[in-house]
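One structure is given below, encoded as structure tokens.
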Amino acid sequence: MRGFLSFLFLAIVIYIGEASKDPDAKYPKVAVRPGQPAPLPPLPDMKAEGEGRLEPPSSRDPIIEIEDEVKSGRSQFTGTAFSIDDRGLWVTARHVTHGCNQLMLLRPHRRALKVEAVSEHSRADVAILQTEGGYDAFPVNYEVPEYNQEGFHFGFPRGEPGDVYSNLIGRRTIKTTGIRKNKEPVLVWAEKIRVPNSNESLGGISGGPILNDNGEVVGIHVAGSVRRGRSFSSLPRTINQLLDQNYVKINSNNLNVDVAKLNEADFSRLGDELRSNLSVAQVICRTN
């Protein structure tokens, strides 16, 4: 039986309205790029909440409240992961991995890559996966980001290849309730273009990378608004915290991203390349 199963629910308690957290639960298949009609026109500009570099996280940041629910049994869920070390280290969202009895990364036309080990951040929605062998890895930018900087999101929304172009407009605090209670500062991105065209949830892109125009990771997608327009990302520093916690030093040989394609017209072509070479991969979570 094919179809969507239960997934995590969010309720945004500030003015931006409800939000829907990834991953989208569905029986997986090796994703095939759908036909690409012309992207929807860019959304109207959403005004950034400041200028220059973002200020440090503050207790006065508006709060987004999320209810973290238990994954249903005997089910399959999807998410996204990206490579940070070509020896087999990947980053994804914690809610993609938590509660899974089996994790794997899909490889088109090849056997899935089994996840051998998982390390989940205790205070952020971020996890690191380890596999036997890896793929070209992204560099991570740990500098403080700037308002209005571009963001390029890549992954598998609703279990299919998809990409988003956005601008950074501010910061929030995600307050998680339910099975896990936590507070985490996150970045807010205003969506401008989505490929392929869709007004549906981005569920399934969770754990995917957000790149700047230099091809560096500046965020990990962890949630998105139901009313098409905003995404939320964990901070890159959480990756470093997990690496330090596990006494891991990553390989400095990074992927040479084709930055010429990091623009409004060509970013989805780059997304296809990143998925094809498995720098961005689809995560499958199975529960008993």
Between side-chain atoms of residues 181-189 and protein atoms elsewhere (two or more places apart, or another chain), which donor-acceptor pairs fall under 3.5 Å?
residue, atom, partner, partner atom, Å
Lys181, NZ, Gly178, O, 3.3
Asn182, ND2, Arg123, O, 2.6
Glu184, OE1, Asp125, N, 3.0
Glu184, OE2, Ser234, OG, 2.5
Trp189, NE1, Ser233, OG, 2.9

Applying side-chain contact (heavy atoms from CB on, under 4.5 Å), name anything that partners [X], two or more places apart in sequence or on another chain.
| X | value |
| --- | --- |
| Lys114 | Glu116 |
| Ser58 | Arg60, Asp61, Arg171 |
| Asn101 | Thr287, Asn288 |
| Asn141 | Glu143, Asn212, Glu216, Val218 |

Nearest heavy-atom pair of [X] and [Y]: which atoms, and what distance?
| X | Y | value |
| --- | --- | --- |
| Ile169 | Ala190 | CG2-CB, 3.7 Å |
| Pro108 | Leu278 | CD-CD2, 4.3 Å |
| Ala265 | Asn263 | N-OD1, 3.0 Å |
| His98 | Lys71 | O-NZ, 2.7 Å |
| Val283 | Leu105 | CG2-CD2, 3.7 Å |
| Glu200 | Ser198 | N-OG, 3.0 Å |

Once rounded to the nearest 0.5 Å, what's the spacing between atom [atom1] of [X] and atom [atom2] of [Y]?
| X | Y | atom1 | atom2 | answer |
| --- | --- | --- | --- | --- |
| Leu103 | Thr97 | CG | OG1 | 6.5 Å |
| Phe267 | Leu274 | CZ | CG | 12.0 Å |
| Asp272 | Asn277 | CG | CG | 11.0 Å |
| Gln282 | Met104 | CD | CE | 11.0 Å |
| Leu235 | Ile220 | CG | CD1 | 7.5 Å |

Considering the options Leu243, Asp244, Leu242, which one meets the side chain to side chain contact (heavy atoms under 4.5 Å, CB included) requirement together with Asn246?
->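 Between Asn246 and the candidates, side chain to side chain contact (heavy atoms under 4.5 Å, CB included) is satisfied uniquely by Leu242.
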Can you run down the disulfide (SG to SG under 2.5 Å) pairs that involve [range], sequence neighbours left out, and say none if there aren't any?
| range | answer |
| --- | --- |
| residues 177-206 | none |
| residues 62-150 | Cys100-Cys285 |
| residues 121-205 | none |

Apply side-chain hydrogen bond (donor to acceptor under 3.5 Å, both in side chains) to Ser231 and list each qualifying residue two or more places apart in sequence or on a separate chain.
->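 Result, side-chain hydrogen bond (donor to acceptor under 3.5 Å, both in side chains) vs Ser231: none returned.
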Can you name the residues that form a side-chain hydrogen bond (donor to acceptor under 3.5 Å, both in side chains) with Asn240, not counting sequence neighbours?
->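 If we apply the side-chain hydrogen bond (donor to acceptor under 3.5 Å, both in side chains) test to Asn240, skipping adjacent residues, there are no hits.
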Please list every donor-acceptor pair under 3.5 Å in which a side-chain atom of residues 147-156 meets a protein atom from a residue at least two apart or in another chain.
residue, atom, partner, partner atom, Å
Tyr147, OH, Glu55, OE1, 2.8
Gln149, OE1, Glu146, N, 2.9
Glu150, OE2, Tyr165, OH, 2.7
His153, NE2, Ser166, OG, 2.6

Non-hydrogen side-chain atoms of [X] and [Y] separated by less than 4.5 Å:
| X | Y | value |
| --- | --- | --- |
| Asp258 | Arg269 | no |
| Glu264 | Lys192 | no |
| Asp85 | Val248 | no |

I'd like to know if the side chain of [X] and the backbone of [Y] have a donor-acceptor N/O pair within less than 3.5 Å.
| X | Y | result |
| --- | --- | --- |
| Ser206 | Gly204 | no |
| Arg194 | Gly162 | no |
| Arg172 | Ile64 | no |
| Thr80 | Thr92 | no |
| Arg286 | Gln102 | no |

Worked check of side-chain contact (heavy atoms from CB on, under 4.5 Å) between Val126 and Gln241 = CA-CA 10 Å; Val126 175; Gln241 291 166 355; over 6 Å; no
Less than 3.5 Å apart, which donor and acceptor atoms pair up between the side chains of residues 128-139 and the rest of the protein, not counting sequence neighbours?
residue, atom, partner, partner atom, Å
Thr131, OG1, Trp90, NE1, 3.0
Thr131, OG1, Gly133, O, 2.7
Tyr135, OH, Arg107, NH1, 3.0
Tyr135, OH, Arg110, NH1, 3.3

